[in-house]
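In what follows, a structure is listed as structure tokens, so that the remarks can point back to it.
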Amino acid sequence: MGKKQKECFTKAYDTAADLILKATDEFAEKFPPSASVDHFYQPGPNRDWTAGFWTGEVWLAWEKTGNEKLKKTAEIDVKDFYRRIKERDGVDHHDMGFLYCPSCVAAWKLTGNTMGKEAALMAADNLMGRFQEKGQFFQAWGELGAKDNYRLIIDCLMNMPLLFWATEVTGDQKYAEKAQAHIKTAMQNIIRPDNSTYHTFFFDPETGAPVKGVTHQGYRDGSAWARGQAWGVYGSALAYKFLKNDAYVDIFCRVTDYFLEHLPEDKIPYWDFDFTDGSDEPRDSSSAAIAACGMLEMSKYLPQEKARHYTEKAEELVEALIRECAVTDPAVSNGLLLHGTYAKSSPYNTCPDLGVDECVIWGDYFYMEALTRLLRDWEPYWY
Ligand code: GLY
């Protein structure tokens with residue numbers, strides 16, 4: 001990266017760490033919800049599928065600054081993540097990696113926190129209970145085996161590293177075997193011939209046969225929901241990291257190139273790639289942050305020239321986020337990244353509007369992770 005670019009990233013990284021430290025006053029024993037309202041998160045309980053991102057941000061800021069207040073905040077959170085999985089409080093879904101990697105795997109890796117390790121292993125066991133033999137995938141949501149919920153979702157690629165980590169820590173291959181099976185099923189079904197992706201894909205509960213791709217949070221079944229595509233970018237990079245299957249390099253490049261080719265001029269994705277320059281639909285900045293992290297992860301495994309290409313693209317995305325979306329003044333927001341969208345209703349999906357043109361907590365986390373990756377030799381919390 002150039003000198004100017006490095007200065008820009010360094011300033012943004014300093015600002016983000018300061019904002020996280022300031023936010024610990026408000027969120028010392030509470031968690032931000034998934035999305036802000038009028039750009040401010042209200043403190044609440046550890047219940048959403050997104051609570052781990054807050055603790056992950058705190059760990060990232062602690063790694064940067066060494067500030068004890070950050071470590072203490074993260075450690076309080078880890079105790080609550082242990083309680084949450086023990087009590088099965090809001091854990092009947094697949095998002096165990098999102099919850100337990102940035103919080104508890106991070107705690108174990110960074111400080112040897114055994115409660116974090118135990119909690120993350122319980123979360124991995126919980127996720128294992130959602131594996132469907134018929135179809136070979138982890139069912140994302142809802143009653144296990146029910147026909148109207150018999151589907152995987154692209155986001156779940158990000159929950160697989162928790163299982164590979166569990167195999168590494170316990171020596172038990174069962175976690176990695178199921179993760180490998182799920183990744184294979186997902187890769188066979190969610191990538192379309194034009195390299196866009198389905199958000200979710202249904203299977204027949206009787207036979208396990210693939211049925212159809214359907215959106216949940218995208219504009220329509222056949223469109224490319226920007227965040228789904230971004231989960232595909234990072235998810236395929238992580239799939240390659242663990243499985244070293246060359247087919248996943250190809251998938252990474254296809255899905256990532258689609259993402260990059262469908263960005264508007266200012267590089268902040270609209271919430272669905274059906275929309276581009278000239279549309280007044282909202283953006284989803286979090287998708288750019290996720291995709292940047294995925295490209296930086298994948299650059300570790302690619303030949304030099306390709307690695308340089310995707311690293312430069314990731315740098316361009318982060319520069320755009322700093323320019324267009326980064327919070328610099330705590331009076332404006334208690335988040336880090338403006339212009340995220342959790343869910344936007346459309347005539348073809350069943351979502352209510354939720355967190356539209358707001359901060360979303362994973363957007364903040366992945367923005368901080370991207371800056372960390374650009375400026376430090378960072379050991380990911382995901383595995
Ligand atoms: N994993 C759900 C979402 O990205 O909104």
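Order of appearance sets the numbers: ligands from 1, and atoms from 1 within every ligand. All values reported here derive from a predicted model rather than from experimental measurement.
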Which of the ligand 1 atoms, numbered from 1, are nearer than 4.0 Å to a heavy atom of [X]:
{"X": "Y342", "value": "5 (O)"}
{"X": "D155", "value": "1 (N), 2 (C), 3 (C), 4 (O)"}
{"X": "W225", "value": "3 (C), 4 (O), 5 (O)"}

- Message: If hydrophobic clusters are built from ILVMFWY residues whose side chains come within less than 4.5 Å, do I153 and W362 share one?
- Response: no
Ring centres of [X] and [Y] under 6.0 Å apart?
{"X": "F366", "Y": "W382", "value": "yes"}
{"X": "F202", "Y": "Y150", "value": "no"}
{"X": "Y248", "Y": "F242", "value": "no"}

- Message: Angle between ring planes, F273 versus Y258, binned at 30° and 60°: parallel, tilted or perpendicular?
- Response: perpendicular
- Query: Does D95 reach ligand 1 with a nitrogen or oxygen that is under 3.5 Å from one of the ligand's nitrogen or oxygen atoms?
  - Reply: no
- Any N or O on R227 sitting closer than 3.5 Å to an N or O of ligand 1? yes
